[in-house]
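In the text below, chain A, chain B and the rest are named by the order of the sequence lines, each starting its count at 1.
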Protein chains: 2
Amino acid sequence: MYARTFIEYAFVGGISIASRKEVAILAGVSEATVSRVLNNVGPLKEETKERVLAAALKLGYTPSSLAQSFARRRSGNLGVVMPYLPKARLFSTYYFSEILSGIGSKAREEGYDLLMLFRNADEPMDYNELFKMRKIDACIVLGAKEDLGELASLRRLKEEGHPFCLINQHFEGEAFHEVDADHVEGSWTAVRHLLDQGFTRIAFLNGPASYSNSRDRLTGYLRALEESNLPLDESLLFEGNFSRKSGAVAAKKMLPLLNEIDAIVAANDRMAIGLQQGLQELGIPRDRIPAMVGYDDSDAAELTTPALSSVRVPFYELGEIAVSKVLELQGNSRSEISTPSQVIQIKLPTELVIRASSKSKKSEEE
Amino acid sequence: MYARTFIEYAFVGGISIASRKEVAILAGVSEATVSRVLNNVGPLKEETKERVLAAALKLGYTPSSLAQSFARRRSGNLGVVMPYLPKARLFSTYYFSEILSGIGSKAREEGYDLLMLFRNADEPMDYNELFKMRKIDACIVLGAKEDLGELASLRRLKEEGHPFCLINQHFEGEAFHEVDADHVEGSWTAVRHLLDQGFTRIAFLNGPASYSNSRDRLTGYLRALEESNLPLDESLLFEGNFSRKSGAVAAKKMLPLLNEIDAIVAANDRMAIGLQQGLQELGIPRDRIPAMVGYDDSDAAELTTPALSSVRVPFYELGEIAVSKVLELQGNSRSEISTPSQVIQIKLPTELVIRASSKSKKSEEE
DNA sequence: TCAATAAATGTACGCGCGTACATTTTCTCA
DNA sequence: TGAGAAAATGTACGCGCGTACATTTATTGA
């Protein structure tokens, strides 16, 4: 015997929860009408509306998201894939917390909830499963890199037509939706700034080449040199993994070349700071430490001595835009005439923030 | 006419999705058996199991989480409430990202998904609604503070018997489940350390008193002084809001008292750094800047010059433990004999990390 | 060998909502 | 005033799973 006798209550945590049925009875209408009122669907008599709303209020009725999602076949969740960072923080937390804030802000605005998904570094994540399970309606991928498993996962996602968007990563030759900052420009501006100060031997501490933004930065670096007719000196190119430690390691490598280097551009602030500290610890006097420009304009840039010039990246906005776009895709895909909407590839401008670390010695003395 | 003719497919993103029915047909069993196999319920013939699994694999069948949640009446989501930080970051992001990592790690281990919930600073959040809507099965609250609306919300949550747990906030007289670090001890240790170095005029830059951890830190500070028979000098007590800026503001306030102060304890690293920088900018020579101990042992502590001594807080572990505990509550509440399980109030130990900033001048010269 | 029992599977229905379609009520305008 | 149209509401069913209960099949033990 499954049928409820009359009005029976569902219990959660010891407290009764009213359901649509009870509201309908109290308001003296059908359940469908209750639904209509709450979803504001179809023509409704004003008086009915009020009666239903009053009944709902009185009973403390709130529709179950679970049931709604099920009936609508949409979870209402926006997935956010993050690299799983149990202890090691390869990325600056600044980076993620800013992007997340942007994502959270826009998602809430659009009525979506944020489901956090942590990707293990080793095993690539099966994004498709998440859609098949209906856990998420759309998804934003952070910190992706050019990895075979990753790429395969994303390709399948695209094949199956699931709406997703990458932030800060471009896959060459793959028409993925991507939102990024213009790192070619950002890097170019940083180098340009140093050149303008009279520096010509500019070293470059880049991130891993598996990230497209690293490659973009290199492009910007090369372009700026080229425009000034400066030759590329490959011995001035270094690579770290975005950690402060890797900056310190780079410092050691640079040591023998320090005479040849009068300025350095780093691919993020943490490495730049590692570099600063590393050189200091190696006994380089402060006035011999090359001019420096970091990248991200994180909090940390203002914490060091000297304060670090840095390329500001609009992380918050990246997050916001990614959400907008991916939810647009979501909406479109529901319409029958799903035009194979063109690929979204957005590049936001960066901005150089100049602080003490990149001043030429001359201007410093003034 | 709603009935499906025979096997029709559900479509998502243009790709067909197999359902339990098709698996059942292919395996030649009933739908119930498919469910049993997948959930490993009841006695099952090994051969049947294999047949079903093979069929599921062949069809690429994945149960819909949506339907599962609905049938089970549990979302499988763990809510994480965070203060909504659109642009302003009152808390160090370090704090949150560490806790979140811990929460994420444990939640995944327990098979729960993380649903992020942002609380507006102004309007208190109606946590109950989230449970009523069945969006979350349990919830962890970060960055709560002693605010009337907040307290009321939490009280209702408790009344209605929803499992939740606070991290880093204690409500006096309310039997909430709480996981925290021992800030009395942490603060005590910091002061003790400074006293041991021979400092006796120790200023204290605390956080807002609306956070219980601020009050705990004050207790630790007072206790340490008392134990050394040092009188409390109220003019040495300052308050900031955890931001670097507020540290700089405190620097200004301390300026006239600088002769009376030979060491400072701050309630977090950001304020300590603001203080360091503020004093420097006010023209205080480095060797006149008081010894300093920060709190949190964030990344930033290693970035400053001199490096900042700091009280390490096991944020990651706080997150992990909170999840364990809150999910235990969850489990218990389902059993009929829900013993009014005692209130969980855990305090994890802190650890002082000593760096250059707290060395006495004497030991510095060595 | 045959009941008594246990194992294995099938049948049937609810979870709480959205919504297509059917029905009733109200309005419009000749 | 009455028919036709529009508005308002009701009826009925599915969404895809979990699971209580019923039924069938295999095992056991005297």
(message) Check for me: is A:Phe70 stacked on C:dC15 by the 5.5 Å centroid and 30° plane-angle rule?
(response) no
(message) On DNA chain C, does the nearest nucleotide to B:Ala67 precede the nearest nucleotide to B:Thr48 from the 5' side, or the other way round? Give the residue.
(response) B:Thr48
(message) Go nucleotide by nucleotide along DNA chain C from the 5' end; which of A:Ala32 and B:Gly28 gets its closest nucleotide reached first?
(response) B:Gly28
Just the rounded figure in Å: distance from [atom2] of [N] to [atom1] of [X].
X        : N      : atom1 : atom2 : value
A:Asn40  : C:dC17 : CG    : P     : 17 Å
A:Lys45  : C:dC27 : NZ    : P     : 8 Å
A:Lys135 : D:dC17 : NZ    : P     : 14 Å
B:Arg36  : D:dG18 : CZ    : P     : 11 Å
A:Met133 : D:dG16 : CE    : P     : 15 Å
A:Tyr61  : C:dC17 : OH    : C1'   : 7 Å
A:Lys49  : D:dA8  : NZ    : C1'   : 12 Å
A:Arg134 : D:dC17 : CZ    : P     : 9 Å

(request) State yes or no: are the ring centers of B:Phe315 and B:Phe96 separated by less than 6.0 Å? (result) no
(request) State which of C:dC17, D:dG18, C:dT11 makes the closest approach to the side chain of B:Asn39. (result) D:dG18
(message) Measuring from the side chain of B:Val29 (C-beta onward, heavy atoms only), which nucleotide among D:dT9, C:dA8, C:dG10 has the closest atom?
(response) C:dG10
Phosphate oxygens OP1/OP2 of [N]: is one of them under 4.0 Å from a side-chain N or O of [X]?
X       : N      : result
A:Thr33 : D:dG10 : yes
B:Ser19 : D:dG16 : no
B:Arg72 : D:dG18 : yes
B:Gln68 : D:dG18 : yes

(request) Supply the atom-to-atom distance B:Arg134 CZ to A:Ser69 OG, rounded to the nearest 0.5 angstrom. (result) 12.5 Å
(message) What's the separation between atom CD in A:Glu110 and atom OG in A:Ser105, rounded to the nearest 0.5 Å?
(response) 10.0 Å
(request) Have a look at A:Asp126 and tell me which of A:Arg119, A:Lys135, A:Arg156 forms a salt bridge (Lys or Arg N to Asp or Glu O under 4.0 Å) with it. (result) A:Arg156
(message) Tell me which one of B:Glu160, B:Glu150, B:Glu174 satisfies salt bridge (Lys or Arg N to Asp or Glu O under 4.0 Å) with B:Arg155.
(response) B:Glu174
(request) Would you mind classifying the nucleic acid contact of A:Ser35 as base, sugar-phosphate or nothing, using non-hydrogen atoms under 4.0 angstrom? (result) base
(message) Counting distance alone, no hydrogens or angles: does the base of C:dG16 have a donor or acceptor under 3.5 Å from a partner atom on the side chain of B:Arg73?
(response) no
(message) Suppose we call a contact any N or O donor and acceptor under 3.5 Å apart; does that hold for the side chain of B:Arg20 and the base of D:dG18?
(response) yes
